[in-house]
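Order of the sequence lines fixes the chain letters, A, B, ..., with proteins taken first and strands second; residue numbering starts at 1 for each chain.
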Protein chains: 2
Amino acid sequence: MTVELPKGRAPSIRDVARLAGVSHQTVSRVLNDHPSIRDTTRARVLQVMEELQYRPNRAARALSKGRSRTIGVLSASSAQYGPASSIAAIQNAARDAGYYVNTANLASSDRESIEAALDHLMRQSVEGIVVIAPQVRVFDALEELSIDVPYVTLQSTGRLNDHALSVDQIAGARLATRHLIDLGHRSIYHLAGPQDWIEAEARMRGFLDEMGAMDVPTTAPILGDWTADFGYHAGRELLRVRDFTAVFSSNDQMALGLIHAVREAGLDVPRDVSIVGFDDIPEAAHFWPPLTTVRQDFAELGRRCIALLLSNLGGDSAGYPGTIMPELIVRGSTAPPSF
Amino acid sequence: MTVELPKGRAPSIRDVARLAGVSHQTVSRVLNDHPSIRDTTRARVLQVMEELQYRPNRAARALSKGRSRTIGVLSASSAQYGPASSIAAIQNAARDAGYYVNTANLASSDRESIEAALDHLMRQSVEGIVVIAPQVRVFDALEELSIDVPYVTLQSTGRLNDHALSVDQIAGARLATRHLIDLGHRSIYHLAGPQDWIEAEARMRGFLDEMGAMDVPTTAPILGDWTADFGYHAGRELLRVRDFTAVFSSNDQMALGLIHAVREAGLDVPRDVSIVGFDDIPEAAHFWPPLTTVRQDFAELGRRCIALLLSNLGGDSAGYPGTIMPELIVRGSTAPPSF
DNA sequence: CTCACAGTTGTGACCGTGCACATGCGAGCA
DNA sequence: TGCTCGCATGTGCACGGTCACAACTGTGAG
């Protein structure tokens, strides 16, 4: 019963055409939903496709159309919750729009690694690039290497307004800081992220802005690396002096390490030290105490990001989806200072 | 100075050939490191490539060679730490081997979603598939849809030995269980993962095996969903009876929720309840108390996985990298029961 | 009856690369 | 000198789609 016309190769439109008694072009038209095809013809072609288990060859289509329908994602630390959530959302949104997604990971943040990753993406003739690697250097590289495809980033840089789409990190940081000040804290440290991360810089600026606006004296932020380990060690260092009543940590993981250090020193959160995080990872609600933090909608960010990139690809640069506002989630890790 | 020969199109090997005064085939040979090319010729071609900023067209190459050099990853819950770490490692290993990686996320675990994801991958003519979506159903689908490319999974199923490569989940679970038994616990609950996850099943079996081997009476495991939220609510339920002294949780997140519930009930970990997790996520060392857990090397898993898949692609099915043994990390969340 | 026209289908070239085969050339050998 | 042989390079086609254009059909208006 089964039709076994072609040799060892996968069936092509010409095989389908022969068996359906039409030209290869008619088969192509069926594939592309061309309007003027007789219903009976279309049905016959579709049936043969089914019998042959025909699958269109993407490479051939990309070659003849000059479009790869592929989007590249340049990502650092894609194992972390935030980026990983956004990437998943990006992949789903792109798939729904008929695009394929190809991810390149940054091995490290040096120039060589960035160029290698970009090269890897360009070799696949991606039509657009989403940058989730928020190091400043990546954007320098993007500009210098004269990448000629549109790109979009999830981080607001201040200088890349054409491409940027982001959660308003500054506003989020201000919310967190304001919360601590409103509770009565006046000696507040900021545990920041790595210096070359745009998000880290934005959160730091938000912190400093709010402290300045509220006339609270500020000390220099501590530059961390996002890990719980770092938060723990930084906390131990800070507690040797203990001249503060609150810390705003630039992400939830470092906040967790910080809590660990505080408790290990025989102190209590929030009685002795109030702590605010950033991100609202799913575990934050179950820290002890449950963490007060700033929630970002990573998935929504990924979706809008693809929307923006696709609108760029479509030629119309209008329809900026704008900035997403983060939200302060107050839980048990903050309280008024106890003098 | 700049050579601007071609019109609006990207330069092709023929453009390079014309400017270098050779045939397109010679350019192709330079690209593919053909041995018999005069050094002077090679140098001239390379220089023209540089001037033209020539990039080989992947679609054309894939079309003519019949190989896409692309590997597909089928993944569920790619935002979680374990899978995300493995995916990142897979991408890096594949890139080093000259392959591209394309990830399809499972929207849900129903049949339709699985087929859609597989279809998405097959449409790109991937040469192999890595399955990180550990639902049993996915493998049924793989077999039924007569996927004709090799595939590999990170989870041991017991029935897919040809394709499987995994951390020995059963051994890991036995380590954890044995640790609790050795400490003197006799009333031990198991908080398992979702029923259709192969890993969850393996860990559950490891738990039951060890309990049986040590002659400790067992109660039915509780089926969870991997989230800290679930661990928390399950913990609240369990504590209404409080007929246990230890819990082996199938992952670290649920363990965290569990600790939260225990502490909220006014009890202490490990004094009143000992808890063991699984995975050793980077945060586990900073839980309060620091979590005793079973470490899996996700990155190594990803790397070996690509090695296995590539050896399948190469035709030789030898060289199985074998199973990775997990490691028990003892921290502060376990102690002898206090009667 | 003839012509214009829309709907439907077919023909051949082309996209950029790699392969099979052919060709030119110089060296080694009888 | 003539022949074989290996290196270096060129020629033409195939890969599987899409595009531009041509051709055929039937219908309604002039």
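- Atom P of nucleotide C/dG16 and atom CD of A/Q124 are separated by 19 Å, given to the nearest angstrom.
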(request) With side-chain contact (heavy atoms from CB on, under 4.5 Å) as the test, would you mind laying out the steps for B/I114 and B/L106 before giving the verdict? (result) CA-CA 6 Å; B/I114 292 172; B/L106 244 40; 4.2 Å; yes
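- When all heavy atoms of A/L121 and A/V126 are compared, the pair lying nearest together is O-CG1, 3.5 Å.
- Of all nucleotides listed (D/dG16, C/dA20, D/dT18), D/dG16 comes nearest to the side chain of B/L63.
- Remark: side-chain polar atoms of B/S28 are not paired, donor with acceptor, to backbone N or O of B/H24 under 3.5 angstrom.
- OP1 or OP2 of C/dG18 has at least one side-chain nitrogen or oxygen of B/N32 nearer than 4.0 Å.
- One atom, NZ of A/K65, and another, C1' of D/dG16, lie 14 Å apart when rounded to the nearest Å.
- Side-chain proximity of A/N57 to D/dG12, D/dG17, D/dT18: nearest is D/dG17.
- The base of D/dG16 has none of its N or O atoms less than 3.5 Å from a complementary donor or acceptor on the side chain of A/R61.
- For the pair A/R58 CZ and C/dC15 C1', the computed distance is 16 Å after rounding to whole Å.
- With rounding to whole Å, B/I13 atom CD1 is found 13 Å from D/dT11 atom P.
- Computed from coordinates, the B/R55 CZ to C/dC15 P distance equals 21 Å when rounded to whole Å.
- B/S64 has no side-chain polar atom (N or O) that falls below the 4.0 Å cut-off from OP1 or OP2 of D/dA14.
- Using modelled atom types and a 3.5 Å distance limit, the side chains of A/T70 and A/R58 yield a donor-acceptor pair.
- Closest-nucleotide positions on DNA chain C for B/V27 and A/Q25 were compared, and the one nearer the 5' end corresponds to A/Q25.
- A heavy-atom distance below 4.5 Å is found between the side chains of B/Y99 and B/L310.
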Heteroatom pairs (N/O) under 3.5 angstrom, protein to nucleotides 7-9 of chain C:
residue: C/dT9; atom: OP1; partner: A/T41; partner atom: OG1; Å: 2.4
residue: C/dT9; atom: OP2; partner: A/R38; partner atom: N; Å: 3.0

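- Contacts of A/R14 with the nucleic acid, taken as non-hydrogen atoms under 4.0 Å apart, include base atoms.
- Residues A/V73 and A/Q91 are not in side-chain contact: their nearest non-hydrogen atoms beyond the backbone lie 4.5 Å or more apart.
- Looking at heavy atoms from C-beta onward, B/V45 lies out of side-chain contact with B/R29 at the 4.5 angstrom threshold.
- Atom CZ of B/R67 is separated from atom P of C/dT17 by 18 Å (rounded to the nearest Å).
- With rounding to whole Å, B/H24 atom NE2 is found 13 Å from C/dC15 atom P.
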